[in-house]
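Written out below as structure tokens is the structure these notes cover.
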Amino acid sequence: RGICGADRHTIAARQVARMMAAGASAHAEHGRHILYALKKVVDGSVKAFSIRDEAKLVAVARRMGITTDGRTVNDVAGDVVAASFEDFGNQDEGKHSNWLRALLPAKRYERLKKLGVMAPNIDMGVAQLMSRTSIGCDADPLNIILGGIRAALGDLNGMALATELSDVLFGTPSPVVTQADLGVVKETAVNIALNGHNPLVAEAVCRVAAEMQDRAKALGAADGINLVGVCCTGNEVMLRHGVPLAANYLSQEMVMMTGAMDAMVVDVQCIMPGITAVAENFHTVVVTTHDENKIPGAVHRAVHPENALEAAREIVDLALGAYGRRNPKHIHLSDTKETCIVGFSAESIVDALARVNPQDPLKPLLDAIVSGAIQGVALFAGCNTTQLDQDMNYKMIGRELAKRNVLLLATGCGAGAFAKDGLMTSEATERWAGDGLKGVLTLLGKEAGLDGPLPLVFHMGSCVDNSRAVSVATALAEKLGVDLSDLPVVASAPEAMSEKAVSIGSWSVALGFPTHLGNIPQVMGSDQVVEIMTTGAKEAFGGYFMVEQDPVKAAQKLYDVILERRRGLGI
């Protein structure tokens, strides 16, 4: 017990709940940044960006119940912006999220409302959780965890908002062939790494770098400017522009240790403060771009929607200047890189299925699941952690499930792990997929005009893009007339580390998905909290956490859950 009388159960519950709040705030702020940019595009105060995907805007508006017929794009966008701001500011306890209502099946949405875990707005869910876990407040472990779920669902709200509106502004990803791993860094180019999570800065740098290639060549860089991605900003530009991915979270320092990285441009989230200490040993300039995220030792160039292109030019200029300070003795390049096919948004998956059945695109996928050619679907999300060999759990669990004919989706650092391991190729499907899964992916690949099957793992984007997988699950649930908790769909965070991962895992459980963790969260001091997050969660939500550190055993447990869900559906 603490000196105040709080017992170990209260202490553990407060700890994990505060992690949920922190994770939710991170993704909510990401969404808010994108929302403000769209608002400024709509009101005409920002010219650097525009609405790139009008079809996506109309689809989003219709899902939110906004009239689109006979209206201008700008008017529709204005209503989407207003409805999105309501999700940050609504004070009516009887009204809940516009985005969650548009994202989730009606059955799940109503279930969450009845359980009282839907806050009126994102910020309220976070603020109330921080309040109730402060000294002398909520001491009931169950009540605290339920408060955490309220905040975690706000996390999903912010993620859905950020993903969909990013697509509206920057384009919805579709399949593209690119490369991954440290070998994408070039000695014959000015190398700029784009690191973090928010695509606003990276989009501006991508555009400006294309315009400044000749300046780099004039300095002696035969290949001009070479952009590479790191972490989730890397995933964003990988899917939209084919920018190769150099590293995911845990290996971001290694990018600079090639000795050929001229600048690392960072925005928000999962950026190691230690990168400046590494950069001091090389010529690399580290550039921070958000006023609320600075690092001692870095150069700061504030980037806002209004000045994005001008600031991006200054940033590229810094990289060009650094190129001239390279020390050839410090260059140690890797020749390791893998080809990967990425860009599987919910829309691009439906487009691929529509090539098989234009009238009913979901039918081929449902038929494959019912027949058992595809046993189920697994979403890999989460981080890297120093508690485990980097990426190893992703690789091993992914291979084991693919052999069992499970369709694999991935986001964030998990997607980076699979990309670097060569599992996002047709060849990986040929080698690792079970016969049923291989047959389905081969058919879809043929219809898509590929020489082989679709890749073994579908890269769906950054960690904020987990909402894409929820969109696919929602479409399946509505097609079958069931709840999300009935589907043979599981989630896995084999190397969870950040507070965002705790929040993502919590809303995954709340949606009804059995969610695997490959390392033990900080709750083992309380058997009550462990029970709440496993048995108790299953009774309330249909989803629950399961911890298994052995990757082979974890794959079997996930597959057993899929089989259990299949039996429940009678297939």
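Just so it is clear, the values below take in all heavy atoms, side chains as well, and ignore hydrogens, waters and symmetry mates. Model, not experiment: these values are computed from the prediction.
- Among residues at least two apart or in separate chains, there is no ring-ring contact (aromatic ring centres under 6.0 Å, His included) pair with a member in residues 91-112.
- Pairs of residues two or more places apart, or lying in two chains, that qualify as salt bridge (Lys or Arg N to Asp or Glu O under 4.0 Å) and include a residue from residues 64-73 are Arg62-Asp69, Arg71-Asp79.
- Here Tyr249 pairs with nothing under the ring pair (Phe, Tyr, Trp, His ring centres under 6.0 Å) rule; sequence neighbours left out.
- For Glu478, there are no salt bridge (Lys or Arg N to Asp or Glu O under 4.0 Å) partners, not counting sequence neighbours.
- A search for salt bridge (Lys or Arg N to Asp or Glu O under 4.0 Å) contacts involving Arg63 returns Glu164, not counting sequence neighbours.
- Every residue two or more places apart in sequence or in another chain was checked for a ring pair (Phe, Tyr, Trp, His ring centres under 6.0 Å) with His304, and none qualifies.
- In this view, His283 satisfies the ring pair (Phe, Tyr, Trp, His ring centres under 6.0 Å) rule with no residue, not counting sequence neighbours.
- Applying the salt bridge (Lys or Arg N to Asp or Glu O under 4.0 Å) criterion to Arg326, with sequence neighbours excluded, gives Asp262.
- Atoms OG and CG, from Ser174 and Asp351 in turn, are 8.5 Å apart once rounded to the nearest 0.5 Å.
- Under the ring pair (Phe, Tyr, Trp, His ring centres under 6.0 Å) criterion, Phe458 pairs with Phe344, not counting sequence neighbours.
- For residues 42-71, the ring-ring contact (aromatic ring centres under 6.0 Å, His included) pairs, not counting sequence neighbours, are Phe49-Phe170.
- Applying the salt bridge (Lys or Arg N to Asp or Glu O under 4.0 Å) test to every pair with at least one member in residues 227-243, sequence neighbours left out, gives these pairs: Asp167-Arg240, Glu236-Arg240.
- Legend: salt bridge (Lys or Arg N to Asp or Glu O under 4.0 Å) pairs involving residues 190-203, not counting sequence neighbours: none detected.
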